[in-house]
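The structure presented is a predicted model; accordingly, all values stated were derived computationally and were not measured.
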Amino acid sequence: MFEHIDAYPGDPILSLNEDFQKDPRTSKVNLSIGIYFDDDGRLPVMRAVREAEAAILNEPGPKPYLPMAGFAHYRDAVQALVFGETNPARAEGRIATVQTLGGSGALKVGADFIRRYFPQSQVWVSDPTWENHRFIFERAGFEVNTYPYYDKATGGLKFDAMLAAIDALPARSIVLLHACCHNPTGVDLDRAQWERLIGVLQERDLLPFVDMAYQGFGAGLDDDAFAVRELARRGIPALVANSFSKNFSLYGERCGGLHVICEDAGAAHRVLGQLTGSVRSNYSNPPTHGAKIVTRVLNTPALKESWQGELAAMCQRIARMRVAIHDGLRDHVHGEALTRYVKQRGMFTYTGLSAAQVDRLREEFGVYILRSGRMCVAGLNDTNVGTVAESIAKVLAD
């Protein structure tokens, strides 16, 4: 019956993380998986999350199924965080929001939705992008293409080439964009570039699908959401996926949201109904516990202030580690190959290392990064950053 089924090659990130767990070396460093670790190399439990969860556990009660669209208070709080409390699109009821199983669940529900209603469209993703983007949209039945993005020579953005490629797409093409802290490169558009790109999206009648998995890890909660808020301000139809895995450190709770910016409230009502149908056919309804934590934090002023302060400190620590790895490599790397460590932002940096050099880092020095050269800067700390810089320098010297 199943002889024709080929072996699953595995996810390159999760497989590498499994290899790291099996490595017996005590000096090993995991810079592969996209997880934020604190100065002690531990997954943090944020103070606001701890307090919110303690309060929830002191209020035991029944645990019924949530509605297909999710916890209503969660959906409203998340929509306010993503688009801004006073965004006119919220007041006009033009945004349809559902609770999802993390950012990946939002991408999946969104992919199923647009595949049904835009069956002739193709999807365009940045070159490179997060590996799971292609996987999710191909599994939904889309043909997935790429547009120019990362410039290997400068460690920056091929903006003119990117803009020209998107300007040439057929109407109603799906354009996947990273709101901030681009994964895997750490290279983002600035506001002026976003405004030019959004103008092209509008003129060409394209449908943007924005993935915002790292809100708060770039330039701040509001600045990181500039692109999605500008789309809403201009009334451009778009999909937005957001996640609380990183900025709430709630990885295993699978907290996320999918938002669809619509032309009017009537369209938003119809879209919301069809999004719930997509949820029903995938996992029926979302989980409760993590959503209650996020909702309590976002709707309690003292907890929200505490969360924002701790998130800002996490962002500052990543920036400090960027400076540390930059300074550690100063005598071994020069020019754009060095400045990219501080010019790029967010959890990831494209180091420019070849696959062979990455293999040496892992095999000889126990430093794990992806074979693409992507490093998770959030895995660095004061204890290991010197070792990592020294190991990279030795690899580059040969």
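- For the pair Arg374 and Phe348, the distance from NZ or CZ to the six-membered ring centre is under 6.0 Å and the angle to the ring normal is within 45 degrees.
- Residues Gln122 and Asn145 bring a donor and an acceptor atom of their side chains to less than 3.5 Å of each other.
- Heavy atoms from other residues, nucleotides or ligands lying under 6.0 Å from CD of Glu92 number more than 12.
- Between Trp194 and Phe226, the distance separating the two ring centers is not shorter than 6.0 angstrom.
- Taking the centre and axis of the six-membered ring of Phe142, the NZ or CZ atom of Arg115 falls inside the cone set by 45° and 6.0 Å.
- Between the side chains of Arg254 and Ser245, a donor-acceptor pair is found at a separation under 3.5 Å.
- For the residue pair Gln79/Thr97, the side-chain donor-acceptor check at 3.5 Å is satisfied.
- A salt bridge does not link Arg362 to Asp19: none of the charged nitrogens lies less than 4.0 Å from a carboxylate oxygen.
- If you look at Tyr149 and His182, their ring centroids are closer than 6.0 Å.
- Side-chain atoms of His73 and Asn299 form no donor-acceptor pair, as typed in the model, at a separation below 3.5 Å.
- We find that Arg345 and Asp188 are joined by a salt bridge, their nearest charged nitrogen and carboxylate oxygen being less than 4.0 Å apart.
- The existence of a salt bridge linking Arg320 and Asp39 is confirmed by a sub-4.0 Å separation between a basic side-chain nitrogen and an acidic carboxylate oxygen.
- In this structure, CZ in Arg116 is found 9.0 Å from OG in Ser281, a value given to the nearest 0.5 Å.
- No side-chain donor-acceptor contact under 3.5 Å links Asn285 and Arg280.
- Under the 4.0 Å criterion applied to side-chain N and carboxylate O atoms, Glu253 and Lys292 are not assigned as salt-bridge partners.
- Side chains of Asn282 and Asp112: a donor-acceptor N/O pair is present below 3.5 angstrom, by distance only.
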